[in-house]
Amino acid sequence: MLLLDEPLGALDLKLRTEMQVQLKDLQRAVGITFCYVTHDQSEAFSMSDRVAVMNHGVLEQVGRPEDVYRRPQTSFVADFVGAANRLTAKVVAVEGERYRIAVDGVGERSAAGPAGLAPGQRAMLVVRPEDVRLGAAGALRAAVTDVAFLGSQRLLRLESPAAGPLSAIGSGHDSPIERGAEVGVEWDDAAAWVVPAPAG
């Protein structure tokens with residue numbers, strides 16, 4: 001095993017991206033395990049076959065990057081990995097491999113989640129910003145508080161009276177939504193994920 005502890009931390013973005021490709025090619029060529037330590041989540045995801053998320057020295061989750069991002073097992077992983085909209089909720093019923101949940105300010109929705117949640121349990125609904133749709137209608141009303149143009153994308157920060165701060169990512173080619181606009185916020189149930197509410 002080769003331990004790489006923040007090996008690209010001092011490089012600029014372009015060189016860092018090139019070196020990531022070279023390190024992956026090197027790993028495939030020599031065929032040994034690389035243990036790659038980084039605080040850059042996008043780097044961790046792009047470099048890894050498996051990602052480990054630690055919280056105060058305890059492994060919270062280990063798995064493929066897609067699984068850790070899309071199917072976090074705890075509220076810490078959901079909050080720590082990538083950007084996420086977090087809505088308070090309560091489990092209403094177990095429906096096979098999915099849950100019926102009551103989301104504060106929204107109503108009842110369906111979501112997948114880790115096994116073991118029980119009716120009546122406090123929970124947190126996780127919706128990634130790229131899965132949020134904005135329009136005239138939606139499950140929530142929100143005001144646009146900030147718009148950041150990122151080239152291929154636009155990051156919108158929102159404030160909902162019912163759910164608090166939210167965020168959405170849209171295409172940089174879309175017609176821009178101005179700061180101060182009121183929008184409807186919606187998402188597909190297939191894109192939602194529910195985890196146990198954080199302790200406390």
Q: Examine L11 and F34 and state if one hydrophobic cluster contains both, with Ile, Leu, Val, Met, Phe, Trp and Tyr joined whenever side-chain heavy atoms are less than 4.5 Å apart.
A: yes
Q: Supply the atom-to-atom distance M54 CE to Q61 CD, rounded to the nearest 0.5 angstrom.
A: 14.0 Å
Q) Would R128 count as a cation-pi partner of W193, with NZ or CZ less than 6.0 Å from the six-membered ring centre and within 45° of the ring normal? A) no
Q. Which atom names give the shortest non-hydrogen contact between G116 and Y99, and what distance separates them?
A. N-OH, 3.4 Å
Q | Cluster check F149, V147: I/L/V/M/F/W/Y, side chain < 4.5 angstrom | A | no
(Q) Which heavy atom of P114 sits nearest to which heavy atom of Q73, and what is that distance? (A) CB-OE1, 3.2 Å
Q: Answer yes when E43 and R16 have at least one side-chain N-carboxylate O distance shorter than 4.0 Å, and no when they do not.
A: yes
Q. Just checking, any donor-acceptor pair under 3.5 angstrom between side chains of D40 and T38?
A. no
(Q) Show, in sequence, the C-alpha distance, side-chain angles and deciding distance for S110 and D189, and conclude whether the side-chain hydrogen bond (donor to acceptor under 3.5 Å, both in side chains) test is met. (A) CA-CA 6 Å; S110 174; D189 285 345; 4.8 Å; no
Q. With a 4.5 Å limit on heavy-atom distance, are the side chains of L8 and Q20 in contact?
A. yes
Q | Y36 OH to M47 CE distance, which is reported to the nearest 0.5 Å | A | 4.5 Å
Q) Considering residues, nucleotides and ligands other than D49, do more than 12 of their heavy atoms fall under 6.0 Å from its CG? A) no
Q) Where do M124 and L87 land on the side chain to side chain contact (heavy atoms under 4.5 Å, CB included) test, with the steps shown first? A) CA-CA 6 Å; M124 182 173 77; L87 296 96; over 6 Å; no
Q: Would you please test R71 and R64 for side chain to side chain contact (heavy atoms under 4.5 Å, CB included) and show each step?
A: CA-CA 10 Å; R71 292 178 282 281; R64 297 183 315 134; 4.0 Å; yes
Q | Which atom of A84 lies closest to which atom of V126, heavy atoms considered | A | CB-CG1, 3.8 Å
Q) Atom CD in E95, atom CZ in R100: separation rounded to 0.5 Å? A) 5.0 Å
Q) Does some side-chain heavy atom of V51 sit less than 4.5 Å from a side-chain heavy atom of V53? A) yes
Q | Within-4.5 Å side-chain heavy-atom neighbours: V37 and L4 | A | no
Q: Could you tell me which non-hydrogen atom of A102 sits nearest to which non-hydrogen atom of V92, and how far apart they are?
A: N-CG2, 3.6 Å
Q. Ion pair present between D188 and R109, side-chain N to carboxylate O less than 4.0 angstrom?
A. no
Q: Answer with yes or no whether the hydrophobic clustering places Y69 together with V127; edges join I, L, V, M, F, W, Y residues whose side-chain heavy atoms lie under 4.5 Å apart.
A: no
Q. Do the side chains of L134 and L158 get nearer than 4.5 Å, heavy atoms only?
A. yes
Q | Exam field: side chain E60 to backbone T74, donor-acceptor pair closer than 3.5 Å | A | no
(Q) Determine whether a donor-acceptor pair (N or O, by modelled atom type, separation under 3.5 Å) exists between the side chain of K24 and the backbone of S46. (A) yes
**Q.** Shortest non-hydrogen contact from L140 toward A162
**A.** CD2-CB, 3.9 Å
Q | Salt-bridge contact R86-D79 (side-chain N to carboxylate O under 4.0 Å) | A | yes
Q: Answer yes when E130 and R70 have at least one side-chain N-carboxylate O distance shorter than 4.0 Å, and no when they do not.
A: yes
Q) Which pairs pass salt bridge (charged side-chain N to carboxylate O under 4.0 Å, His left out) with one or both residues in residues 139-153, sequence neighbours excluded? A) R141-E182
(Q) Using a 6.0 Å cut-off, check whether atom CZ of F80 has over 12 heavy atoms from anything other than its own residue. (A) no
Q) Atom CG of L15 and atom CD of Q22: how far apart are they, to the nearest 0.5 Å? A) 8.5 Å
Q.
Determine whether a donor-acceptor pair (N or O, by modelled atom type, separation under 3.5 Å) exists between the side chain of T145 and the backbone of R157.
A. yes
Q) Between N85 (side chain) and S167 (backbone), is there a donor-acceptor pair under 3.5 Å? A) yes
Q) Between V194 and V77, is there a shared hydrophobic cluster once you connect ILVMFWY residues whose side-chain heavy atoms come closer than 4.5 Å? A) no
Q: Take V132 and L166 through the side chain to side chain contact (heavy atoms under 4.5 Å, CB included) test and state the conclusion after the steps.
A: CA-CA 9 Å; V132 169; L166 302 166; over 6 Å; no
Q.
Return the CG to CD1 distance between L155 and I169, rounded to the nearest 0.5 Å.
A. 5.5 Å
Q. Out of curiosity, does I101 fall in the hydrophobic cluster containing V106 (side-chain heavy atoms, cut-off under 4.5 Å, transitive links)?
A. yes
Q.
Is there a side chain to side chain contact (heavy atoms under 4.5 Å, CB included) between L2 and T33? Walk through the geometry before answering.
A. CA-CA 6 Å; L2 177 64; T33 298; over 6 Å; no
Q | Note, V94 side chain near P119 side chain (heavy atom, < 4.5 Å) | A | yes
(Q) Around atom CZ of R133, are there more than 12 heavy atoms from other residues, nucleotides or ligands closer than 6.0 Å? (A) yes
Q) So how far is it from R50 CZ to C35 SG, rounded to the nearest 0.5 Å? A) 12.0 Å
(Q) Looking at H39, is its backbone amide N or carbonyl O close enough to the side chain of E6 to form a donor-acceptor pair, meaning the two atoms are under 3.5 Å apart? (A) yes
